[in-house]
Every structure is written in C-alpha cells, then in structure tokens.
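To start, the structure itself, in structure tokens.
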Amino acid sequence: TPFNRPTLAFMNPELTYTVPKKQLVAGISDILMHTLERYFTKFSGNELTDLVAEALLKDVVKSARIAVKDQRSYDAMSEIMWCGSVSHSNFTELGRCKDFSCHKLGHALSAKFDTTHGESLTAIWGSWAEYVYHDDTARFAHFAEKVWDVPADFGDDEAKAKEGIRRQIAFFTELGMPTSLGQLDSGVLKESTIKDLADQVTAKGTKTVGNFHPIDWKAAVDIYTMANH
C-alpha cells in the first residue's frame, strides 16, 4: 500500500531459483496481467506508457520461455524480477487508470475456492477479452501487432485482434497455466455457483467493476459462463 512501500529494494535473482514451478508461472502470469489490465482501459494517449508496457510484455514472454526451462538462468530471472517491479509499481499506468476487471473476477474465485491468484487470472482473461474486444477492436489489433508481432497485413482489425487474443491465450497454455474454469482445481461450475460469484463481484448487482467495458452482474455471469469449460 502507499503506507508500506520500501524506500530501497535489493532484488537478487538467485533467491528465486527454488521457487516452485507452479508459483513461478503463476507469478509470471500475474506480472503480465498487471500490465495488461492497465493497457486495456477506456483511457488512451501517452505513447511512452504504451511503449513501456509493450516492451515489458514482450520481455516477460521472452524471459519466461527461458526461465521455465532453466530456472537458474540469472539473466532470465533478473529480467522477470525487474519487469515484476515495474508492472506492480503503477508505472505502466501513467497517463491513464487501471481496469482490473479480470482481477475482480479472479478474486471471487480465489475467495471461494482458494484458487492461486495467477491461475484465477489466466483462467478468465481469454473469455474477458473475447467478450469486450469489440469495444475497441483497434486497440486489440494494436496489441496484436506490437506485443505478438502479428503482421500489419494479417487482415483487418477484427482479424488481428482475434489473433492477438489467441496468441496470448496460447502463451498462458505454453506456461502450463489454466485458460478456462474447468482447468482449475474447482472444475466446471454449476450455474448457481456462477451467479454467486457474480454477486460477489458486483455486490449483488449494485455496482460495476472495470472501465474498459464496465462489468455488471450480467456481464460477470456471461464471462464466467464463457470460461466454464
């Protein structure tokens, strides 16, 4: 919190060498999500913030592919730690504000089922993206080009947006992360459970979360349902 932040932090990659694999990939995923949830917001502008976010996302992907094969790669773990610090410090939020609707949807899963935080995010992100990308298809197309190197001539914005989403989901799968609710320990959920989760996220329909596409009770149910396989 703003009331409890270090003045100076020494980050030693060697201390990460024995982190359990599950927590390594969950942490990597959370680093990505903290920037993704600041990249997709209704606020635009500030090109430098975009460039920093895009570089961070690409660096995490590159370093993660090394780290999952060789967790004692000092350079790879160093890059991941540095990206984690930047991603969680609000730096990739400068000039805008965070969305964090996936975090809210994920928190409800963690509260009810003790789901590992990173896993709750990757299980829901693809369905969230597919549900909301039409709100700003050009933004998702830009993401596809800049982060996932989808060629500019791949197709129209719709095609590029969908390909970018596909590649992000594929990377989570490559890490061994769940990309649907059915892949979590809690398994495929009953309709009544999904409605209960939506109640938790939206205070029984009295509020919305996020700003890119404000998530109300119905949207929460729809996204959970899309992910429920």
Side-chain angles (χ1 to χ4, degrees), residues 1-2 5-13 16 24-68 73-104 106 117-118 121-122 124-126 128-129 132-133 135-152 154 157 160-161 163-172 174-175 177 210-213:
T1 78
R5 289 191 182 276
T7 301
L8 179 65
F10 295 95
M11 298 188 293
N12 180 1
T16 70
L24 172 67
V25 294
I28 288 169
S29 299
D30 188 44
I31 292 169
L32 292 169
M33 286 297 304
H34 266 255
T35 289
L36 286 171
E37 296 244 66
R38 291 172 164 91
Y39 190 81
F40 293 107
T41 123
K42 69 178 181 180
F43 300 96
S44 59
N46 199 322
E47 184 176 358
L48 178 58
T49 298
D50 268 0
L51 292 171
V52 170
E54 290 155 7
L56 185 149
L57 293 168
K58 288 175 73 72
D59 191 30
V60 173
V61 169
K62 177 183 177 181
S63 300
R65 284 174 167 154
I66 298 170
V68 295
S73 170
Y74 186 95
D75 289 342
M77 296 305 295
S78 174
E79 293 290 332
I80 292 168
M81 290 184 80
W82 177 213
C83 287
S85 182
V86 172
S87 189
H88 285 73
S89 71
N90 299 334
F91 188 66
T92 56
E93 189 183 321
L94 291 172
R96 60 196 59 170
C97 72
K98 58 180 172 280
D99 178 82
F100 270 53
S101 50
C102 288
H103 267 74
K104 298 299 184 182
H117 176 58
L121 301 178
T122 61
I124 213 75
W125 187 85
W128 170 86
V132 308
Y133 81 90
D135 285 23
D136 193 346
T137 308
R139 181 63 167 169
F140 274 89
H142 182 81
F143 164 76
E145 288 187 46
K146 298 299 182 181
V147 176
W148 289 108
D149 300 321
V150 174
F154 184 86
D157 281 354
K160 286 186 284 190
E163 178 63 11
I165 293 169
R166 187 195 70 77
R167 294 190 188 190
Q168 183 64 56
I169 294 171
F171 179 69
F172 287 141
E174 181 183 336
L175 289 180
M177 294 293 290
N211 58 68
F212 183 84
H213 180 114

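Every value quoted in this text rests on a predicted model; they were computed, and no experiment measured them.
Ring pair His142/Tyr39 is parallel by interplanar angle, where below 30° counts as parallel and above 60° as perpendicular. Aromatic ring pairs are classed by plane angle as parallel below 30°, tilted from 30° to 60° and perpendicular above 60°; the pair Phe143 and Phe40 is perpendicular. Classified by interplanar angle (parallel below 30°, tilted 30° to 60°, perpendicular above 60°), the ring pair His34/Phe100 is perpendicular.
Lys146 NZ: 12 or fewer foreign heavy atoms inside a 6.0 Å radius. The number of heavy-atom neighbours closer than 6.0 Å to NZ of Lys104, taken from other residues, nucleotides and ligands shown, is 12 or below.
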Exercise for the section: Determine, stepwise, if the pair Ile28 / Met177 fulfils side-chain contact (heavy atoms from CB on, under 4.5 Å). Expected result: CA-CA 10 Å; Ile28 288 169; Met177 294 293 290; over 6 Å; no
Handout entry: Test log, rule side-chain contact (heavy atoms from CB on, under 4.5 Å), inputs Thr16 and Met11
Key = CA-CA 10 Å; Thr16 70; Met11 298 188 293; over 6 Å; no
Handout entry: Test log, rule side-chain contact (heavy atoms from CB on, under 4.5 Å), inputs His88 and Asp30
Key = CA-CA 9 Å; His88 285 73; Asp30 188 44; 3.1 Å; yes
Exercise for the section: Before giving the answer on side-chain contact (heavy atoms from CB on, under 4.5 Å), spell out for Asp136 and His213 the whole-Å C-alpha distance, their side-chain angles and the decisive distance to 0.1 Å. Expected result: CA-CA 10 Å; Asp136 193 346; His213 180 114; over 6 Å; no
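Atom OG of Ser87 and atom CE of Met33 lie 10.0 Å apart (nearest 0.5 Å). With rounding to the nearest 0.5 Å, the separation of CZ in Phe91 from OG1 in Thr35 is 10.5 Å. Interatomic distance, Leu36 CG to Arg38 CZ, rounded to the nearest 0.5 Å: 11.0 Å. Atom OG1 of Thr122 and atom CD1 of Ile169 lie 10.0 Å apart (nearest 0.5 Å). The CD1 atom of Ile31 lies 9.5 Å from the OG atom of Ser85; values are rounded to the nearest 0.5 Å.
Judged purely by atom type and a 3.5 angstrom limit, Thr49 uses its side chain to pair as donor or acceptor with the backbone of Leu94. For the pair Ser89 (side chain) and Val86 (backbone), a donor-acceptor distance under 3.5 Å is present. When atom types are taken as modelled, the side chain of Asn211 and the backbone of Lys42 share a donor-acceptor pair closer than 3.5 angstrom. Checked by atom type and distance alone, the side chain of Thr137 never pairs as donor or acceptor with a backbone atom of Asp157 at under 3.5 Å.
Of all heavy-atom pairs spanning Arg167 and Trp148, the tightest one is NH1-O, 2.8 Å. Between Glu79 and Ser63, the shortest heavy-atom contact is CB-OG, 3.2 Å. Considering all non-hydrogen atoms of both residues, Cys83 and Asp59 come closest at SG-OD2, 3.4 Å. Residues Pro13 and Met77 come closest through the heavy atom pair CB-CB, 4.0 Å. Counting all heavy atoms, side chain and backbone alike, Ser101 lies closest to Glu37 at N-OE1, 3.4 Å. Minimum interatomic distance between Leu121 and Cys102 (heavy atoms only, all atoms of both residues): CD2-O, 3.7 Å.
A salt bridge links Glu163 with Arg166: the distance from a Lys NZ or Arg NE/NH1/NH2 to an Asp or Glu carboxylate oxygen falls below 4.0 Å.
In this view, Tyr133 satisfies the ring-ring contact (aromatic ring centres under 6.0 Å, His included) rule with no residue, not counting sequence neighbours. Remark: Phe172 engages no residue in a ring-ring contact (aromatic ring centres under 6.0 Å, His included) (not counting sequence neighbours).
Arg96 pairs in a side chain to side chain donor-acceptor pair (under 3.5 Å) with only one of the listed residues (Asn46, Asp50, Thr41), which is Asp50.
Side-chain contact between Trp128 and Asp99: present, with at least one pair of heavy atoms (C-beta onward) separated by less than 4.5 Å.
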